[in-house]
Amino acid sequence: MAYASGDAGRILESCIDGFHRYRLEAPAHPDYVSESLCAMIGCTADDLIGGPGDALAERVHPEDRSAYRAFLGAMAAEERRMTLRYRLVRTNGTVLYIQESMTSRRNEQGDMQGFAVLTDVSDLHRENRALHALNETVPCGIVKYTCSENPRVTYVNQRMLKILRMPDDTPEALAQIEQHKSNVYLFISPEERDRFRRFLEQVYASDEPVAGEITALRGDGTRMRLYGWICKTTGEDGREEFQSICIDVTDRYERKHAAEQRRYLRALSQVYDEIAEFDLQKGTIRFLQGHYYEKLGRMAEMPMLLEDTVRLWIDTAVVEEDQERIRAAFEELLGHKTFKGEERLLQTEFRARFSDGTVRDYLGVFLWMNESGGLFCCRNITHQQEADRLRTENSALRSIAEQMRQLVMHYTDGMLAFEIQNDCVRPLYISDNICRFFGYDREEWLSVMQSMTPIRDFVSKCHIAYDDFLELLENREGEFHYADVMTHETHRMRALCTSCGYGEDQRNYVVLYDVTGKESAAQSDDSAAISNVYVRTFGYFDVFIDGSPIAFRNEKAKELFALLVDRRGGFVSSAEAIAVLWEDEPASPVTLARYRKVALRLKNTLEEYGIADVVESVDGKRRIVSQRIRCDLYDYLSAEPQYAQLFKGSYLQNYSWGEMTLAELSGWKES
């Protein structure tokens, strides 16, 4: 079958490797093959186009035929250009590694034809076999893409396709993969693309690799979290290109996010009466706390349609005069119009109607947590004088700092916002009472807000130790004492730290709320709190919950807990704990960092078993809340007759430092 004549024909026949033409209309088959293709396979033109069926497709390696047929199907669907790598079996049984490039277009009769060229890449495959095996077996995704304005993907390994959950070998799947390869930004979630572009610009300008996390899009449209590296190198064709190595950290990211969410909710639950979680991406809402949570019972755990539930809530709970305004606030929220940049707070006031006929004033606050949603929190402000003043202000025109100031004054507790870079801090906002807590007057504070200040210098004016402040940033929560300048009273404040953004754009927000006097109220209800936690100190140290021992994953964390029990409710400072846990090492930045990790592991273990409240942390010091545990030591020292025989002469046999208390107990017994 002649395809062309003259010089053009000779070029197609002999000079363009593996040239052939496909008739892509079903059933697809080649209707022209060149001499070079026949020589490559070791057959004649009649062998490939003389018989029924698609003889060329039958030459494709059996393991690659499904991908090859999907490739032909994608080419037949529309005019396009695509490339595929596969194996071709020659007549003598040997295998060639082929790269086929095909362009499809319609002829004058309207039939779709494919013009293809085959390139034998067997030598290149053999040279890169070891690297290829590594690329396809290591648990890392590898992507190569051009250094252009819209980077085009030139290589992606199978592991990366699995991580991205790209669909199987079908014409639609191949078309989707090719579309994504045309622009690497299609793999990145829309809100992260500008940040990813800055990464590429930084790598290209500095010629140094960059590592970090980013949110990507899977093939099914869901979001995932990737950790990886970007570097600039030179490709096989001598051109500059970017290379990325990625791992899937979605599970770790979601666990960390869930833990931060739980801590945040615990803090908010002491401030707000009603809390609901909304997810704009899924279009759902869940009630987490309050009247509707109790009313719905187990149904509260189930996500409900966001718009329908909000509409029903407004119609049944909000007084008629305020309904239109609340609808507008939710429309602004659901339309994703408000939360851009740092504008992460939106608050509104309304009156709620209850079944007993009473009407109460509420403050509702939308807290934006991430790109997909956040929390709607309500607090009863009926008896607060600030409510009248706040109603008259136009919250839609406030800056984020003004919103924070009003929110803080409303609760008279405090809020701090700051950014941290390279162990330096620059405050963005702080309320007056918390400003005094750090030892600054207003003029000094305005000066500090203009530049970055080393953290050690920033906290030097107040009684918070540098390491305790770092511990707050690491643990995301802590307790401190401060003197309220408005009431001239000493308060115990609980601090909750959260952050948003990345790198130079990171912002840290600290919410402070007063827990003064709440401990005694909590401790008064001891019927359930102390009955199930039992600490054994006589003999070997262990902690039991309902008779089952706690499995401490870290021995030093267990030893720290034993030390707190030994101190019988007294506070233990960082320096004191280090002197006991690491007897031969003095307190230093290294041991302080080590101690913070141990304390965090203890906290995580207690939270895991649901007994985090048995240890209290204030100003970096820790103590056991003795009212919340049962302990053989405490029972014995109570001098009650029924506990007189508990001590048999051994105490904390796990730890040598227990000998001092052992001597005290021996003297107590002899007396």
Side-chain angles (χ1 to χ4, degrees), residues 83-85 97 99 121 124-167 173-174 176-257 501-506:
T83 300
L84 180 69
R85 284 196 178 191
Y97 287 86
Q99 177 170 296
V121 294
L124 180 62
H125 174 79
R126 282 190 289 268
E127 291 175 3
N128 295 331
R129 182 174 298 171
L131 179 60
H132 177 79
L134 178 64
N135 286 350
E136 301 303 338
T137 56
V138 296
C140 298
I142 301 175
V143 186
K144 300 180 182 180
Y145 42 103
T146 60
C147 297
S148 54
E149 183 176 354
N150 294 313
R152 180 175 55 82
V153 176
T154 58
Y155 171 78
V156 54
N157 71 340
Q158 289 298 317
R159 176 68 66 172
M160 191 71 213
L161 294 177
K162 290 181 180 178
I163 290 175
L164 293 171
R165 295 182 186 173
M166 284 299 180
L174 288 176
Q176 181 181 351
I177 294 174
E178 287 297 320
Q179 181 185 16
H180 278 68
K181 285 184 177 180
S182 66
N183 190 339
V184 74
Y185 288 111
L186 296 178
F187 289 103
I188 308 300
S189 64
E191 68 276 3
E192 294 267 49
R193 287 171 186 170
D194 187 60
R195 178 167 163 259
F196 184 69
R197 177 185 56 79
R198 294 199 301 270
F199 280 166
L200 297 184
E201 292 174 350
Q202 178 182 342
V203 172
Y204 191 86
S206 65
D207 207 16
E208 294 290 336
V210 168
E213 289 189 13
I214 202 161
T215 302
L217 291 176
R218 297 188 179 103
D220 57 8
T222 59
R223 281 171 165 76
M224 65 177 303
R225 197 72 174 174
L226 291 177
Y227 179 85
W229 298 261
I230 304 173
C231 66
K232 187 182 74 171
T233 185
T234 302
E236 297 173 358
D237 57 359
R239 298 180 181 179
E240 293 179 324
E241 69 177 10
F242 292 116
Q243 293 185 3
S244 293
I245 300 177
C246 310
I247 58 175
D248 185 355
V249 295
T250 306
D251 290 342
R252 186 199 70 182
Y253 175 79
E254 290 179 348
R255 286 196 302 270
K256 180 180 178 182
H257 177 72
Y502 303 89
E504 296 182 357
D505 297 327
Q506 182 168 351

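When atom types are taken as modelled, the side chain of S244 and the backbone of V143 share no donor-acceptor pair closer than 3.5 angstrom. At distances below 3.5 Å, at least one donor-acceptor pair connects side-chain atoms of N157 with backbone N or O atoms of I142. In terms of modelled atom types and a separation under 3.5 Å, the side chain of T215 and the main chain of S189 share no donor-acceptor contact.
Closest heavy-atom contact between I247 and C140: CG2-SG, 3.6 Å. Of all the heavy atoms in K232 and C147, the pair that sits closest is CG-SG, 4.2 Å. The two residues I163 and C246 have their closest heavy-atom pair at CD1-O, 4.2 Å. The two residues D220 and T222 come nearest to each other via the heavy atoms OD1-OG1, 2.7 Å. Minimum heavy-atom separation, V203 to I230: CG2-O, 3.8 Å.
Qualifying salt bridge (Lys or Arg N to Asp or Glu O under 4.0 Å) partners for R197, counting only residues two or more places apart in sequence or in other chains: D194, E201. In this structure, the side-chain contact (heavy atoms from CB on, under 4.5 Å) partners of P190, at least two apart in sequence or on a different chain, are R193, L217, R223. For Y227, the ring pair (Phe, Tyr, Trp, His ring centres under 6.0 Å) criterion is met by W229, not counting sequence neighbours. With sequence neighbours excluded, no residue satisfies salt bridge (Lys or Arg N to Asp or Glu O under 4.0 Å) with E254. Take C231 and apply the side-chain contact (heavy atoms from CB on, under 4.5 Å) test, not counting sequence neighbours, and it matches P209, Q243. Q179 pairs by the side-chain contact (heavy atoms from CB on, under 4.5 Å) definition with L186, not counting sequence neighbours.
Between the side chains of T234 and R239, no donor-acceptor pair of N or O atoms lies under 3.5 Å.
Note on ring orientation: taking the six-membered ring where Trp is involved, the planes of Y145 and F242 are tilted (angle from 30° to 60°).
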Output, in order, the C-alpha distance, side-chain angles, deciding distance and verdict of side-chain contact (heavy atoms from CB on, under 4.5 Å) for V156 and K181. CA-CA 9 Å; V156 54; K181 285 184 177 180; 3.7 Å; yes
Show your reasoning for whether side-chain contact (heavy atoms from CB on, under 4.5 Å) applies to T250 and R218. CA-CA 12 Å; T250 306; R218 297 188 179 103; 3.8 Å; yes
Quick one: do E213 and L226 satisfy side-chain contact (heavy atoms from CB on, under 4.5 Å)? Show the steps, please. CA-CA 6 Å; E213 289 189 13; L226 291 177; over 6 Å; no
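The distance from atom CG of L200 to atom CD of E149, rounded to the nearest 0.5 Å, is 12.0 Å. Atom CD in E240 sits 11.0 Å away from atom OG1 in T146 (nearest 0.5 Å). Note: E192 CD to R225 CZ = 5.5 Å, rounded to the nearest 0.5 Å.
Side-chain contact check for F187 versus I214: every heavy-atom pair is 4.5 Å or farther apart.
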